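To start, the structure itself, in structure tokens.
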Amino acid sequence: MLSGQRKSLLLPLLSFLTFQFPHLAAAQTCTLTVPTDPLSSKGLSSPYRVAGCDQRQFADQGTFVEAAIFDPSTNKISIYNPLVVNDGDKAGKDFLAPDPVTVPYGAAVGIWFGSNAGAVLLKGDIKACVNGLGDSLFGQATKAAFSAGKLKIASPGTGVGSQPCPVVRDFRVVDQDQSDNVDTTYLLINKTILAQNTPAKAKANPDAEVLSNGSDNALLNKHLSPALDCAVLESSSLTSPTGKTASLATNELQANFFPPSSGPALVPLNGAFSTINTNGTITQSLEKTNLYRLGVGQPPGSAANASGTTYCRSFAAGGLFIAQNTKLFAKRPSPNPAAANNLFTFLANRFGESFGPVPFLGCEAIFGVGPPVSVAADGGGVVTAASINTKVLQSILDGKIKPAAATVAATTTAVATTAKAAVTSSVGDGYYYEWRA
Ligand SMILES: *[C@@H]1O[C@H](CO)[C@@H](O)[C@H](O)[C@H]1NC(C)=O
Ligand SMILES: *[C@@H]1O[C@H](CO)[C@@H](O)[C@H](O)[C@H]1NC(C)=O
Ligand SMILES: *[C@@H]1O[C@H](CO)[C@@H](O)[C@H](O)[C@H]1NC(C)=O
Ligand SMILES: *[C@@H]1O[C@H](CO)[C@@H](O)[C@H](O)[C@H]1NC(C)=O
């Protein structure tokens, strides 16, 4: 520990599989060893080591790490992405040594994880996880600075057609598992050598494969905001090729300080990663939902105000927003050409899936309606056309279509898990989140 530092470690294991069906997630479990004193300069620039998964098989086994560093002397946040390598990999041969980073005196540091694997179990120096979850210093430090007018987080502003620019906690942007993505990328050089995607390393290795993944944050930062002519919130970063990047922490902070006027989307009881999946039986858990919220700086909910019914009603606005911007989005490139042929078909398909049956949000059953989106795909399964039933969605949003009583009880009952403060272990869709003292 560096003396005098206020530190927090926020360790929700955040999945990158938002563009896939959660129940199709790979079953593989990786163990990630967190370096000693992970919030220090030395810890951040020490490689994380993964066992049970191959970091080079990135598509279904890769793991990402994203750290946000708040410097109270400049009131600025910077982003640093620690490198992940396989257990046994040697520096210089199997990976390029991580770039050094200096954690300023008094800084607050938060670390978030993402993985393409089925599940990740953290081991190593994870003492700080519980402390971080317990009092969430990163959130406090930044909130205090913001209140004092020192931390400047840009307002999202308005975009095309005077529409408010979207933030991550926005019903126009969320899917079945909101707030679960980092923006980390790495390099794979000559198909074997792992490295951080720093400006110098990217420049020296122009043919390297960039290891990145589908991410709600990337969808917002790289696709939706540009389509709507909205500014993207970026921070300086030693480990991003342009020297700047968006991040989970700054996206969540911006949404915290500038919530949408109709109210923020906060992780609900029926979220794909906040429910507990026991051999296919999905159970809602207020405790898991609130732990997840804490990990991304969101206020805790109650069984009533985190309910899936309330969330689904507001989420109807997502489909309406996509429909209203059909022409604009249809002109934009697809975030994932293997899934859909342009931004409109991609968003419409994503919304329709998210609205659909558990382990997605289960909104259709809650309101007793059919799928609000119909899609057509080509022979390769790429969605090429979509139509959105705006009448049904508007009626849900307006409260004219009411929850179908019978399904409400089954889908909104909060069930406490056996999780304890110090040891939390729960299973959801093959993922599990674990914090240990
Ligand atoms: C993750 O990235 C790999 C390439 O590194 C890609 O093949 C795979 O489809 C991506 N997965 C998702 C869910 O986007
Ligand atoms: C990758 O391979 C090329 C060609 O063999 C070589 O010149 C280069 O040094 C290699 N890169 C690294 C980082 O080892
Ligand atoms: C889940 O299924 C596995 C494998 O079939 C079984 O070993 C385990 O006991 C089941 N767990 C529960 C809680 O039913
Ligand atoms: C939801 O309920 C919790 C627990 O009672 C409370 O702390 C929180 O302020 C409520 N949130 C809203 C938005 O009302």
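The model shown is predicted, which means the values in this text are computed figures rather than measured ones.
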Please identify each residue that fulfils salt bridge (Lys or Arg N to Asp or Glu O under 4.0 Å) with D99, with sequence neighbours left out.
K201
Which pairs with one or both residues in residues 248-261 pass salt bridge (charged side-chain N to carboxylate O under 4.0 Å, His left out), sequence neighbours excluded?
R169-E252
Counting distance only, does the side-chain N/O of S225 pair as donor-acceptor with the main-chain N or O of L220 below 3.5 Å?
yes
Heavy-atom donor-acceptor pair, K288 side chain to T275 backbone, under 3.5 Å:
yes
Side chain to side chain donor-acceptor pair (under 3.5 Å) test vs D183 passes for just one of N221, N81, T245, namely N221
Check the orientation of F64 and F58. Use parallel for under 30°, tilted for 30 to 60°, and perpendicular for over 60°.
perpendicular
One pair to check against side-chain contact (heavy atoms from CB on, under 4.5 Å): L32 and V84. What are the steps and the verdict?
CA-CA 9 Å; L32 187 67; V84 179; 3.9 Å; yes
Which residue pairs pass the salt bridge (charged side-chain N to carboxylate O under 4.0 Å, His left out) test with at least one member in residues 357-372, sequence neighbours excluded?
none
Using modelled atom types and a 3.5 Å cut-off, is there a donor and acceptor pairing between side-chain atoms of R293 and backbone atoms of V267?
yes
Mind checking side-chain hydrogen bond (donor to acceptor under 3.5 Å, both in side chains) for T63 and listing every partner two or more places apart, or none if nothing turns up?
S115
Close aromatic pair by centroid cut-off 6.0 Å: F315 and F351
yes
Cut-off 3.5 Å, no hydrogens considered: what does the side-chain donor-acceptor table look like for residues 368-379, sequence neighbours left out?
| residue | atom | partner | partner atom | Å |
| --- | --- | --- | --- | --- |
| S374 | OG | S387 | OG | 3.2 |
| D378 | OD1 | G380 | N | 2.9 |
| D378 | OD1 | G381 | N | 3.1 |
| D378 | OD1 | V382 | N | 2.9 |

Just by distance, do the side chain of S307 and the backbone of T310 share a donor-acceptor pair under 3.5 Å?
yes
Considering only distance and modelled atom types, tabulate donor-acceptor pairs under 3.5 Å from the side chains of residues 157-168, sequence neighbours left out.
| residue | atom | partner | partner atom | Å |
| --- | --- | --- | --- | --- |
| Q163 | OE1 | N325 | ND2 | 3.0 |
| Q163 | NE2 | V160 | O | 3.1 |
| Q163 | NE2 | N325 | OD1 | 2.8 |

Between the main-chain N or O of P104 and the side-chain N or O of T102, is there a donor-acceptor pair closer than 3.5 Å?
no
Mark yes or no for whether T250, through its side chain, and A246, through its backbone, hold a donor-acceptor pair below 3.5 Å.
no
Once you round to the nearest 0.5 Å, how far does OH of Y186 lie from CG of L211?
9.5 Å
